[in-house]
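Report on the following structure.
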Amino acid sequence: MLEVRDLRVRYVNRSKPAVDGLTFSVAAGEFVLLFGDSASGKSTAMQAVCGMIPHIIPADVSGTVKVDGREFHDPAETAKVVGMVQQDPEAQFCTETVEEEVAFGPENFNVPQPEIRRRIDSALTSVGAAHLKDRDLSTLSGGEKQKVAIASMLVLNPKLLILDEPTSSLDPRSVSEVVSAIDQMRRTTGITVIVVEHRLSGFVGMATRVLEMESARLVRDTRAGEPAFAAVRKAAHSVPDYPRIERRQGAAISAEGLAFSIGGKTILDGLCFTIAEGSALALMGENGAGKTTLLRILCGLATPTSGNLTMFGHRIDAARRMDPWILGKDVGLVFQNPNHQIFGETVQQEIGFASENYGNDMASAQSATEDFVKAEGVSRNIHPHCLSFGQKRRVNIASASAHGPKLLMLDEPFAGQDVHNALKIAQQLEKIHRAGRTIIVVTHDLDFARAFCTDALLLRKGRVAAFGNADQVLSENKDLFSKEVP
């Protein structure tokens, strides 16, 4: 089904290749896991397979790629055989509503309308997203967008399906739904599947083969049943040794009856909680529970419909909107999508953006830039959009915290991060916490929440399901994090 021979890809602004001499083949019906550290070349290789590189994304390419026995030179023709769900779902959206998005592919291939409608319903149901059919894409949570992106590829019935970090923003139940849907499709249709992942635990049980990339090259090719495959299965369940932080005293944020609605839909409904100053709060719940909306209110990007919020001397309610550039002095936010908050033309400009805007001493920003450049081995003058998805995330954290806000909020910071880099982020957050900051992290990572966080706030359908000590809350609410499909 797929034959890659001596593939080399070098981006026009890089001196070193992103993929260097990659050679492998995949038989029809295989389920392959492709893993490796951030920036190891995984996504680049798959973008070359599906024709995005070099036809859409400029790059110097050599070597051969054959799919189903053919070399393709037109990405539109490749799309009839290969479907790829990108790491950033929004990057592939072409329409405004869920139904239109899932219909987009088959409409372009002139599939009859009755068949399109049947496929739409089947694809959305298979990933647990049938209830989203009539929604605008702009109103969806990150995890819901990820489901829609997967459905938009499943609806095409491709021979080769490539999924780049397909579960990075999904809650545990949604992960189970998506994994089951992909496995069922492979068994019933014989589709060939390649999943690009950092964390293999969700897929390793059904994989027929595991490929590992390191520094742009293939370093491991292991098949199920081989002795080395057992080691891969064991490593798939490894957990970073996250640091543990200590709770401090004093109220930082207090909400009373906080509610938010838009377009007649209630997103948050009467939230009441008090977050201690210097705590590290895990904000958790199913996709669409209202987690990101709460962060938007906390930083002034949205105004509550009713109720009020008090934090660091600021009071926010329906009649008292607080501009985000005022709150931004005290509140730093790392968006779910790293691309949504990049302003600078270089890493140095990006990390120093807030400090310069607020007229702060630039020493902290300069120190954060030095740390990033040293850790990642890149130039301070590289454009942030030339970095990998994971590297962009770590730039976001540095830029959101370097100006010294009292509160740092992060929306799914571990999405797109391998185990090593997840630990680096946790250590970065520990350093920020030691400086006296309060931290709120939206996450589906139970291991991180248990090990690192002092408190947990669980949302369910826009309401507080539980709030308090992290260990106690997570232990008492295991049903919210069940990986079994209900």
Side-chain angles (χ1 to χ4, degrees), residues 88-90 135-146 169 171 252-275 281-312 314-343 353-354 357 393 396-397 399-401 403 405-413 415 437-444 457-464 467:
D88 175 6
E90 290 178 304
R135 293 274 297 277
D136 288 344
L137 291 170
S138 62
T139 67
L140 302 182
S141 70
E144 289 170 336
K145 289 175 181 175
Q146 201 160 32
S169 296
D171 61 67
I253 305 167
S254 181
E256 296 180 5
L258 195 68
F260 180 81
S261 301
I262 187 170
K265 179 178 175 59
T266 299
I267 308 298
L268 298 176
D269 188 7
L271 305 189
C272 295
F273 57 82
T274 298
I275 300 173
L281 176 79
L283 180 55
M284 308 184 77
E286 297 169 333
N287 295 126
K291 304 182 297 295
T292 298
T293 298
L294 178 56
L295 295 193
R296 288 173 57 82
I297 292 174
L298 287 168
C299 69
L301 291 176
T303 303
T305 307
S306 61
N308 64 78
L309 182 71
T310 304
M311 60 179 187
F312 307 116
H314 304 294
R315 180 182 169 88
I316 302 171
D317 55 37
R320 195 180 284 105
R321 181 180 184 274
M322 186 67 67
D323 290 325
W325 51 88
I326 294 175
L327 279 176
K329 295 180 181 179
D330 293 323
V331 181
L333 173 64
V334 176
F335 289 11
Q336 193 171 46
N337 187 328
N339 297 312
H340 286 179
Q341 65 184 109
I342 289 175
F343 299 92
F353 184 85
N357 266 359
R393 175 82 68 197
N396 292 162
I397 295 173
S399 65
S401 61
H403 67 291
K406 297 176 182 177
L407 170 66
L408 178 64
M409 305 188 297
L410 306 98
D411 197 351
E412 294 286 359
R437 319 283 171 74
T438 303
I439 296 173
I440 298 178
V441 183
V442 173
T443 184
H444 296 300
L457 172 60
L458 308 187
L459 296 183
R460 193 170 210 175
K461 296 181 179 179
R463 297 184 177 183
V464 175
F467 175 60

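Values in this document were obtained by computation on a predicted structure and should not be read as measured data.
Of all non-hydrogen atoms in I397 and S401, the two that sit nearest each other are O-OG, 2.7 Å. Across all their heavy atoms, L333 and Q341 have their closest contact at O-NE2, 3.0 Å. Closest non-hydrogen pair, H403 versus S399, comes out as ND1-O, 4.1 Å. Between G143 and N287, the shortest heavy-atom distance links the atoms CA-ND2, 3.4 Å. Across every non-hydrogen atom of L268 and T266, the tightest pair is O-CG2, 3.4 Å. Scanning all heavy atoms of the two residues, the minimum distance from E412 to H444 falls at OE2-CD2, 2.8 Å.
Heavy atoms from other residues, nucleotides or ligands lying under 6.0 Å from CD1 of I262 number 12 at most.
Qualifying side chain to side chain donor-acceptor pair (under 3.5 Å) partners for T292, counting only residues two or more places apart in sequence or in other chains: D411. The side chain to side chain donor-acceptor pair (under 3.5 Å) test applied to S141 returns E144, not counting sequence neighbours. Scanning for side chain to side chain donor-acceptor pair (under 3.5 Å) contacts around E90 gives K145, N337, H340, with sequence neighbours left out. With sequence neighbours left out, the side chain to side chain donor-acceptor pair (under 3.5 Å) criterion links T139 to R135. Scored by the salt bridge (charged side-chain N to carboxylate O under 4.0 Å, His left out) test, R296 finds no partners at all (sequence neighbours excluded).
In this structure a side-chain-to-backbone donor-acceptor pair under 3.5 Å is present from K291 to E286. In this structure a side-chain-to-backbone donor-acceptor pair under 3.5 Å is missing from R463 to A289.
You'll find the side chain of I440 stays beyond 4.5 Å of the side chain of L457, heavy atoms only. Counting heavy atoms from C-beta outward, I275 and L407 have side chains that stay 4.5 Å or more apart. Looking only at side-chain heavy atoms (C-beta outward), F467 and L281 come within less than 4.5 Å of each other. V441 is listed as a side-chain neighbour of P413, based on a closest heavy-atom distance under 4.5 Å. Within the 4.5 Å cutoff, the side chain of I342 has heavy atoms near those of the N396 side chain.
Separating the OG1 atom in T438 from the NZ atom in K406 is a distance of 10.0 Å, to the nearest 0.5 Å. With rounding to the nearest 0.5 Å, the separation of CZ in F335 from CE in M409 is 9.0 Å. With rounding to the nearest 0.5 Å, the separation of CZ in F260 from CG in L294 is 11.0 Å. Between atom CE of residue M311 and atom CG of residue L327 there is a gap of 4.5 Å, rounded to the nearest 0.5 Å.
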Mind listing the side-chain donor-acceptor pairs of residues 298-309 below 3.5 Å, one per line with the distance, residues two or more places apart or on another chain?
unit_1	atom_1	unit_2	atom_2	d
T305	OG1	S261	N	2.8

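Looking at L295, T443, L410 one by one, the single match for side chain to side chain contact (heavy atoms under 4.5 Å, CB included) with L283 turns out to be L295.
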